[in-house]
Amino acid sequence: MPSLWSCLHRSACRKTDDGDVGDSSLSLPPDRVHFSHKLVGSFPITTFATNYKKCVVDWVALLRRTALPKGTPSSDPRVIYAFKYIDSILSRRGTTLLRRLAYIQLIRLFIFLEASLKLERTRGIAHRRPGCRDVSVAMDIYMSAQIQQSKGLRYMLKERKRLGKRWTELSRPSPLFVLLYSNFAESIMY
């Protein structure tokens with residue numbers, strides 16, 4: 001299934017009958033034009049600039065506290081700290097824009113952690129029972145970063161990861177693309 005971003009991009013770059021790339025509003029059905037205006041608004045560059053000014057300081061702070069150096073082992077306490085910091089933002093401490101960026105950073109941290117776990121496994125540093133995949137171990141590490149352990153915790157964390165994947169897909173090629181979207185984007189994510 002194609003992503004929302006790829007559908008919007010293809011629609012915007014649709015060629016006219018003479019082969020030129022035309023105005024997307026001319027080639028899109030009215031319902032898609034309405035949807036894209038709701039998603040990015042009428043002035044996307046202004047929206048991006050305004051949103052960037054609002055959250056650039058917090059975004060840099062998020063990166064400083066959660067980006068780990070290459071070669072960091074999965075058992076390093078900074079991994080748990082990074083998950084806890086991201087969770088503090090996702091649990092409504094941050095603004096809507098910062099939460100979008102935190103979801104993306106959560107996925108980046110999972111990608112980093114899963115790569116680290118794979119390296120440890122292939123080098124023989126970590127020994128696991130058969131069938132215990134890197135993804136499951138990464139989720140276990142994320143669960144261990146939680147203050148309260150509850151019955152539905154694993155499901156809740158998987159849901160956060162799912163939302164993070166959706167925001168990551170919508171933000172390609174740069175995480176800052178999420179600053180372009182209006183609050184309507186929140187309604188299609190959940």
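Residue numbers run from 1 in the order of the sequence given. Small disclaimer: the values here were computed from a predicted structure and weren't measured.
- Of the residues Leu180, Leu179, Leu97, the one that meets the side-chain contact (heavy atoms from CB on, under 4.5 Å) test with Tyr52 is Leu179.
- Only one option out of Lys118, Arg121, Glu120 pairs with Ser74 in a side chain to side chain donor-acceptor pair (under 3.5 Å); it is Glu120.
- Between Lys161 and Glu114, at least one side-chain nitrogen of the basic residue sits less than 4.0 Å from a carboxylate oxygen of the acidic one, meeting the salt-bridge criterion.
- Partners of Arg108 according to the side chain to side chain contact (heavy atoms under 4.5 Å, CB included) rule, which considers only residues two or more places apart in sequence or in another chain, are Trp59, Leu63, Ile104, Gln105, Pro175.
- Tyr103 has its side chain within reach of Leu90: a pair of non-hydrogen atoms, C-beta onward, lies under 4.5 Å apart.
- Taken from CZ in Arg133 to CE in Met139, the straight-line distance is 12.0 Å, to the nearest 0.5 Å.
- For the pair Leu106/Leu163, no side-chain contact is recorded, criterion being any heavy-atom separation below 4.5 Å from C-beta on.
- When hydrophobic clusters are built by joining Ile, Leu, Val, Met, Phe, Trp and Tyr residues whose side-chain heavy atoms come closer than 4.5 Å, directly or via intermediates, Ile111 is not grouped with Leu113.
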**Request:** Please test Phe110 against Phe83 for ring-ring contact (aromatic ring centres under 6.0 Å, His included), starting from the C-alpha separation and ending with a verdict.
**Result:** CA-CA 9 Å; Phe110 265 107; Phe83 276 129; 5.3 Å; yes
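- Annotation: side chain to side chain donor-acceptor pair (under 3.5 Å) contacts involving residues 75-90, sequence neighbours excluded, comprise Arg65-Tyr85, Asp76-Arg78, Asp87-Tyr142, Asp87-Gln146, Asp87-Arg160, Ser88-Arg93.
- In the hydrophobic clustering of this structure, Val137 groups with Met143; members are Ile, Leu, Val, Met, Phe, Trp, Tyr whose side-chain heavy atoms approach within less than 4.5 Å, directly or through other members.
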**Request:** Begin with the C-alpha distance, continue with both residues' side-chain angles, and end with the deciding distance and a verdict on side-chain contact (heavy atoms from CB on, under 4.5 Å) for Arg154 and Leu157.
**Result:** CA-CA 5 Å; Arg154 192 171 196 90; Leu157 299 180; 5.9 Å; no
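- Using a cutoff of 4.0 Å between basic side-chain nitrogens and carboxylate oxygens, Glu169 and Arg166 are not scored as salt-bridged.
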